[in-house]
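For reference, the structure discussed in these notes is given below.
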Number of protein chains: 2
Amino acid sequence: MARLDLLKFMPFRLSRLAAEVSTALSGEYIEQYGIDVPQWRVLATLGFREEPCSAQFISQCTRTHKSTISRAVTELLKHKLIERVENEDDRREFRLQPTAKGTRLYEELIPRLLRREQDMLSCLSAQERKDFAAALGKIETSLDLVQTSQQAKAKAAY
Amino acid sequence: MARLDLLKFMPFRLSRLAAEVSTALSGEYIEQYGIDVPQWRVLATLGFREEPCSAQFISQCTRTHKSTISRAVTELLKHKLIERVENEDDRREFRLQPTAKGTRLYEELIPRLLRREQDMLSCLSAQERKDFAAALGKIETSLDLVQTSQQAKAKAAY
DNA sequence: GCTAGATAGTTTCACGTGCAACTATCTAAA
DNA sequence: TTTAGATAGTTGCACGTGAAACTATCTAGC
């Protein structure tokens with residue numbers, strides 16, 4: 001009879017680890033600034049990229065449901081962390097970009113989060129970290145999980 | 001100015017991967033049998049272990065909130081996939097164990113899920129798989145995420 | 001230029017989950 | 001024996017999220 005040790009089952013381990021890491025991060029820093037995970041994803045995408053993006057683009061890049069992004073954008077607008085300008089070429093979509101306040105928050109948050117990530121990985125050697133990231137990358141690719149900016153653009157333009 | 005590419009940020013990658021894997025599994029197999037993730041966790045714990053367990057024990061092992069386990073147990077009882085017997089030594093808790101029907105479902109499900117896990121990891125060589133699991137183990141340990149049966153028992157007995 | 005279908009974004013709804021309060025039971029100490 | 005505090009399990013509540021419906025706008029084909 002086939003058996004399965006849940007504690008060694010990869011999907012379970014990933015789910016447990018992701019949940020733990022996520023609450024650790026959001027609990028300590030993100031909640032501190034009054035923004036939640038989807039809002040952080042919007043801000044992170046806008047902060048990293050130079051040009052303004054559409055909500056659709058953010059949704060595709062972060063693989064987050066468009067309704068979730070929509071609500072996050074509404075909140076960020078309300079708190080004046082981002083602003084949106086109409087797109088003359090296509091009046092269905094809006095160009096989103098961080099405000100000065102949003103950029104300030106972003107710049108405060110980044111070092112904290114990067115430090116957190118380093119803490120999390122500090123139990124691995126440099127080589128192990130590299131291998132771990134590479135393995136993760138292979139799995140992501142095989143699951144067609146990686147959405148490059150190019151692909152997103154291509155999709156956006158279909 | 002510090003920047004952060006969300007797509008290379010480990011917490012984000014883990015969250016995205018876990019979500020994808022989870023929906024892939026639950027969508028294709030678990031939903032097919034009308035049970036959801038918490039119910040599967042209960043069944044997996046009971047099926048793997050020989051002796052009956054308490055809900056508390058399952059909650060600790062799987063790091064799933066006790067209210068979630070409670071609801072999962074209620075559903076599984078309703079569908080006669082598990083049964084519970086009073087514990088004479090401590091009448092607060094119940095001993096949970098799979099029924100014949102539950103065991104049958106478990107045995108049908110296991111090979112499918114294991115095959116799925118293999119598919120997911122098939123993009124890695126044997127050595128890479130081993131290294132990946134080891135790295136994951138180190139991170140889990142450093143985050144105090146690993147709950148052994150012994151520890152759970154110790155905690156249960158405080 | 002019109003119409004059909006696609007797309008961006010919003011909103012309503014149903015549902016699953018964590019938190020906190022609650023009941024029942026157990027343990028330890030006075 | 002009584003009482004205070006801990007524990008097992010359940011339930012009400014608030015909240016976040018995905019699916020689906022909806023509006024407005026765009027594109028392609030006629």
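Just so it is clear: chains get the letters A, B, ... in the order the sequence lines come, proteins before strands, and each one is counted from 1.
Among residue pairs with one or both ends in residues 89-113 of chain B, none qualify as ring-ring contact (aromatic ring centres under 6.0 Å, His included); sequence neighbours excluded.
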Base versus backbone protein contacts along nucleotides 11-17 of chain D [heavy-atom cut-off under 4.0 Å; B, S, -]: BB----B

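Sequence order on DNA chain D of the closest nucleotides to Thr64(A) and Ala55(B) puts Ala55(B) first from the 5' end.
Contact annotation: Arg91(B) reaches the phosphate of dT25(C) (side-chain N/O to OP1 or OP2, under 4.0 Å). Residue Arg84(B) places at least one side-chain N or O closer than 4.0 Å to OP1 or OP2 of dT10(D).
Atom-to-atom, CD of Glu86(A) to P of dG9(C) comes out at 12 Å; the value is rounded to the nearest Å. Put simply, CD1 on Ile58(A) is 9 Å from P on dG9(C), counting in whole angstrom units. At whole-Å resolution of the value, CG in Asp89(A) and P in dC26(D) are 10 Å apart. We find that CZ of Arg16(A) is positioned 19 Å from C1' of dG18(C), with the value rounded to whole Å. Atom CZ in Arg92(A) sits about 17 Å away from atom P in dT23(D), given to the nearest Å. Atom CD in Gln56(A) sits roughly 6 Å away from atom C1' in dA8(C) (whole-Å rounding). Whole-Å rounding puts the Asn87(A) CG to dT7(C) C1' distance at 13 Å. Atom P of nucleotide dA24(D) and atom CD of Glu93(A) are separated by 18 Å, given to the nearest angstrom.
Of the N and O atoms on the side chains of Arg41(A) and Ser15(B), at least one donor lies less than 3.5 Å from an acceptor on the other residue. Between the side chains of Arg92(A) and Gln56(A), no donor N or O sits under 3.5 Å from an acceptor N or O.
The aromatic rings of Phe9(A) and Trp40(B) sit perpendicular to each other, their planes meeting at more than 60°, with 30° as the lower class boundary.
In this structure, the side chains of Arg63(A) and Glu20(B) come closer than 4.5 Å at one or more pairs of heavy atoms.
The CG atom of Leu136(A) sits 4.5 Å away from the CZ atom of Arg13(B) when rounded to the nearest 0.5 Å.
Screening Leu25(B), Val37(B), Leu113(B) for a side chain to side chain contact (heavy atoms under 4.5 Å, CB included) involving Pro11(A) leaves a single residue, Leu25(B).
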